[in-house]
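Some notes on the structure that comes next.
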Amino acid sequence: MWRIKMHNIKDANRIVIKVGTSTLTHLTGRLNIRTVEKFVKVLADLKNMGKEIIIVTSGAVGVGMSKAGFDKKPDEITKKQALAAIGQCELMNYYGRLFEDYHHTVAQILLTKDVIEDEKRYKNAKTTFETLLNLSVIPVVNENDVISTEQLEFGDNDTLSAYVSVLTNADLLIILSDIDGLYDKDPKNNPDAKIIDVVDEITDEIKKGAGSEGSNRGTGGMITKLTAAQIATEKGIDMIIANGKDPMILYDIFDGKKTGTLFLGRGDK
Ligand code: ADP
């Protein structure tokens, strides 16, 4: 049980949940339908419990690849952007249809980094999120890969999810990954690695342990998750990294069970 004063995870109401490519897709790059279906079911139920849910989802290029008949990710950026356009539409189609079974409505939000750098756009995005949440809709967010250039991109969805939690003034950010949480070193190369339950400060030692890249299907590994933790916790938002293999884990989190790694938000929100 998490017993940390002022960090009542159970009562978090506005929640941003980021789900990564390695959770959403099989090794083939195609959508893992079983996981996606379970994920949607649990989120629909959390919504029924009265929580406000915002999803940050990857997977568009993977879904686009299978739709357009590509066996492997192309190297050309233009082709990747085209696949993102094909896949994003298909991905939303999945989310839309699956949530519809539970009478929930989703809305697509595609962001580029200028939204957080331009005051007017920031305000517009904030108001749109707020309006959607008031309408009891589930915003589904992704980077706008089709128009992203280096200057415009967040780079990875871990960082994007942290900015979204700040933008929406969320209580909690949950990053679902292909691993149980943050370890003191990469468990894939170090069998003796130990999971870290709670992080109240992102020290150099922690950063060093997160040094290597993630799975080849994911993008950022733990480094981008630490960046996300820095952005979120600085604004008083708690963050959890947990294993998305079985989306039922989300129930454990809201039952107050110790799950994955908890990064403690600092100060007032
Ligand atoms: P996702 O697609 O879920 O974002 P990634 O593959 O990008 O997943 O990141 C998770 C991977 O990061 C893990 O599978 C693991 O191999 C790697 N990793 C590197 N260092 C660590 C660490 N200290 N603790 C946990 N995982 C680590």
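Worth saying up front: this structure is predicted, and the values here are computed from it rather than measured. Basis for what follows: all heavy atoms, side chains included, without hydrogens, waters or symmetry-related copies.
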In short, salt bridge (Lys or Arg N to Asp or Glu O under 4.0 Å) pairs touching residues 93-112 with sequence neighbours left out are none

_Under the criterion side chain to side chain contact (heavy atoms under 4.5 Å, CB included), I'd like the reasoning laid out for V16 against T168: C-alpha separation, chi angles, the key distance, then a yes or no._
CA-CA 9 Å; V16 175; T168 56; 4.0 Å; yes

Those residues at least two apart in sequence (or on a different chain) that pass side-chain hydrogen bond (donor to acceptor under 3.5 Å, both in side chains) with T57 are Y95

What one should report as the nearest heavy-atom pair of Q81 and V146 is NE2-O, 3.3 Å

Under the side chain to side chain donor-acceptor pair (under 3.5 Å) rule, what do S58 and N157 come out as? Steps first, then yes or no, please.
CA-CA 7 Å; S58 310; N157 274 9; 3.1 Å; yes

* To do: Let me see the working for D45 and Y251 under side chain to side chain donor-acceptor pair (under 3.5 Å), right down to the final yes or no.
  => CA-CA 9 Å; D45 203 19; Y251 284 122; 2.5 Å; yes

D178 side chain to N243 side chain, donor-acceptor N/O pair below 3.5 angstrom: no

When rounded to the nearest 0.5 Å, the distance separating CG of N8 from CG of L172 is 11.0 Å

Rounded to the nearest 0.5 Å, the CD1 atom of I53 sits from the CG atom of L43 at a distance of 5.5 Å

query: T25 side chain to S22 main-chain N or O, any donor-acceptor pair under 3.5 Å?
result: no

request  = Indicate whether any N or O donor in one side chain lies under 3.5 Å from an N or O acceptor in the other, for T203 and K208.
outcome  = no

V106 and G96 have their tightest heavy-atom pair at CG2-CA, 3.7 Å

Of all heavy-atom pairs linking K51 and A12, the shortest is NZ-O, 2.9 Å

Output yes when K225 and D158 qualify as a salt bridge under the 4.0 Å nitrogen-oxygen rule, no when they do not.
yes

Using the side chain to side chain donor-acceptor pair (under 3.5 Å) rule, take K18 and S177 through it: C-alpha gap first, then chi angles, then the decisive distance, then the call.
-> CA-CA 9 Å; K18 182 258 169 177; S177 185; over 6 Å; no

Residues passing the side-chain hydrogen bond (donor to acceptor under 3.5 Å, both in side chains) test with E52, sequence neighbours excluded, are R14

Residues at least two apart in sequence or cross-chain that pass ring-ring contact (aromatic ring centres under 6.0 Å, His included) with F70, listed by chain then number, are none

Students should find that the hydrophobic cluster of I77, defined by side-chain heavy atoms under 4.5 Å apart, otherwise consists of none

R121 meets the side-chain hydrogen bond (donor to acceptor under 3.5 Å, both in side chains) criterion, sequence neighbours left out, with D114

